[in-house]
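The next block holds one structure in the form of structure tokens; read it before the comments.
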Amino acid sequence: MKFVPLSRVILLELKRNGYNILTSKNTVDDENPTWYPLTVPDVDDYLLQLDCSGSIVPEEVQVLLVIEDALDNIHEGQLQGEVFIEIDNLGELEDKIQFYGKKYQFISDPEYYVFSFDPKRVLIRNYALRTGNHLLYLAYIGVNYPTHVIDEIRDLEDLTRSLICLDQEQAREWFRKHDVTMVQSDISIFEKDAILTIFLLGTEQQIKIPLEDKDELIYNLMHIEDLLQLRDLFWIDPRIN
């Protein structure tokens, strides 16, 4: 539980978790409001009730933000304040490590894995990119793959600058604009937090990883139209080689 700067990524994450309104104890004159997420059965009814209740002193009217309206009409630079979230990203990472560990046994047999196929490394890298906690990933690399540290620092910095997070319609348009028909995930393609890279399939290439193979939890391939039906939030590595 913590306060984080209000952003489109946070709004999308709150929407995905069922919230539809942000309320604040601040007034409309405050330039840096503190927001609290709220779920109401019907947004229009909620706004109507607030309007009917009114306020004797106009300046005392508290601000609120409808998440859907903010996503549709407010640019990133216009979002102000901090929002209280209960999302425990580090706790989610630990849960994923345990879950993936049951399949791959990397906890009991770490020596079996190499840098390119180390599920725990992939999970921690995913977490580092989405949260900005690079030190956790670099500490893991430093202990387990010290010869890769320099390259990983460069890659992490490069991707952090370019990584994008889009909602469903934005992602559909981005894929269409760049003529992308297939992507590859880092962690399971069915995870909402999977970071997607562009998989370019040449006319003479064959897909080596069957799309119907659900056994692997990392490096999955999927066609865009199938992917767009899975979720409403997309983390994308836009670098196209």
Side-chain angles (χ1 to χ4, degrees), residues 1-2 4-22 37-39 67-68 70-72 76 79 83-104 119-134 136-137 156 159-160 162-176 178 180-199 209 211-239:
M1 297 182 290
K2 60 181 179 179
V4 297
L6 186 61
S7 67
R8 285 188 58 84
V9 170
I10 292 299
L11 287 173
L12 286 165
E13 185 71 5
L14 291 170
K15 177 183 174 182
R16 189 195 64 80
N17 282 278
Y19 296 103
N20 47 20
I21 283 179
L22 296 183
L38 181 67
T39 301
I67 291 178
E68 190 68 37
L71 287 169
D72 290 341
E76 183 79 45
L79 295 171
V83 59
F84 179 78
I85 62 171
E86 298 185 20
I87 302 169
D88 183 3
N89 288 319
L90 193 55
E92 287 187 3
L93 174 62
E94 292 296 332
D95 290 342
K96 288 177 182 176
I97 288 175
Q98 294 301 317
F99 178 74
Y100 281 54
K102 290 180 180 179
K103 172 178 175 57
Y104 293 107
K120 187 173 183 179
R121 180 191 70 82
V122 175
L123 284 167
I124 297 175
R125 178 180 182 271
N126 174 283
Y127 171 84
L129 286 165
R130 291 184 298 100
T131 66
N133 189 350
H134 293 181
L136 183 65
Y137 179 64
L156 210 61
L159 182 50
T160 297
S162 56
L163 186 67
I164 56 178
C165 185
L166 305 177
D167 61 29
Q168 190 178 68
E169 288 306 311
Q170 290 173 324
R172 185 185 299 276
E173 175 59 24
W174 192 90
F175 290 136
R176 185 202 62 77
H178 295 280
V180 176
T181 59
M182 185 176 295
V183 292
Q184 185 175 56
S185 63
D186 53 355
I187 61 178
S188 170
I189 196 85
F190 298 101
E191 296 268 10
K192 63 180 176 61
D193 296 330
I195 295 176
L196 310 168
T197 56
I198 310 309
F199 187 86
I209 306 176
L211 294 181
E212 65 274 11
D213 185 358
K214 303 297 191 300
D215 290 339
E216 294 297 345
L217 294 177
I218 63 174
Y219 302 144
N220 306 142
L221 295 175
M222 185 170 286
H223 288 292
I224 293 304
E225 289 306 316
D226 295 329
L227 177 69
L228 288 168
Q229 298 178 36
L230 292 181
R231 64 173 73 91
D232 55 10
L233 185 67
F234 301 81
W235 293 91
I236 301 174
D237 177 352
R239 300 174 299 179

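Only this structure's heavy atoms are used, side chains among them; waters, hydrogens and symmetry mates stay out. All residue numbers in this chain count up from 1 along the given sequence.
- L136 meets the side-chain contact (heavy atoms from CB on, under 4.5 Å) test with L90, L93, I124, Y127, N133; sequence neighbours excluded.
- Here K15 does not pair with D167 in a salt bridge; the nearest charged N to carboxylate O distance is not below 4.0 Å.
- The shortest side-chain heavy-atom distance between R176 and E173 falls under the 4.5 Å cut-off.
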Q | Step-by-step side chain to side chain contact (heavy atoms under 4.5 Å, CB included) determination, W235 to L129 | A | CA-CA 10 Å; W235 293 91; L129 286 165; over 6 Å; no

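- By the salt bridge (charged side-chain N to carboxylate O under 4.0 Å, His left out) test, E169 pairs with no residue at all, sequence neighbours left out.
- Between F234 and L196, the shortest heavy-atom contact is CD2-CD1, 4.2 Å.
- What you find for I187 and A194 is that their closest heavy atoms are CG1-CA, 3.7 Å.
- Residues F190 and R231 share a closest heavy-atom pair of C-NH2, 3.7 Å.
- L12 places a side-chain heavy atom less than 4.5 Å from the side chain of L71.
- The closest side-chain heavy-atom distance from E92 to D193 is below 4.5 Å.
- Residues satisfying the salt bridge (charged side-chain N to carboxylate O under 4.0 Å, His left out) criterion with D186, sequence neighbours excluded, are absent altogether.
- No side-chain heavy atom of N20 sits under 4.5 Å from any side-chain heavy atom of E68.
- Between the side chain of T197 and the backbone N or O of D237, no donor-acceptor pair lies under 3.5 Å.
- Considering every non-hydrogen atom in both R8 and L79, the closest pair reads N-CD1, 3.6 Å.
- The side chain to side chain donor-acceptor pair (under 3.5 Å) test applied to T160 returns H134, not counting sequence neighbours.
- Evaluation of the side chain to side chain donor-acceptor pair (under 3.5 Å) rule for R130 yields N126 as partners, not counting sequence neighbours.
- Residues L123 and E191 form no side-chain contact, since every pair of their non-hydrogen atoms from C-beta on lies 4.5 Å or further apart.
- Scanning for salt bridge (charged side-chain N to carboxylate O under 4.0 Å, His left out) contacts around K103 gives an empty result, with sequence neighbours left out.
- Side-chain contact check for E225 versus R172: some heavy-atom pair is nearer than 4.5 Å.
- Every residue was checked against the salt bridge (charged side-chain N to carboxylate O under 4.0 Å, His left out) condition with E94, not counting sequence neighbours, and none meets it.
- By the 4.5 Å heavy-atom criterion applied to side chains, V183 and I236 are not counted as neighbours.
- In this structure P5 satisfies the side-chain contact (heavy atoms from CB on, under 4.5 Å) test with no other residue, sequence neighbours excluded.
- By the 4.5 Å heavy-atom criterion applied to side chains, V83 and V4 are counted as neighbours.
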Q) How far apart are the C-alpha atoms of E216 and Y104, what are their side-chain angles, what is the distance that settles it, and do they pass the side chain to side chain contact (heavy atoms under 4.5 Å, CB included) test? A) CA-CA 9 Å; E216 294 297 345; Y104 293 107; 2.8 Å; yes

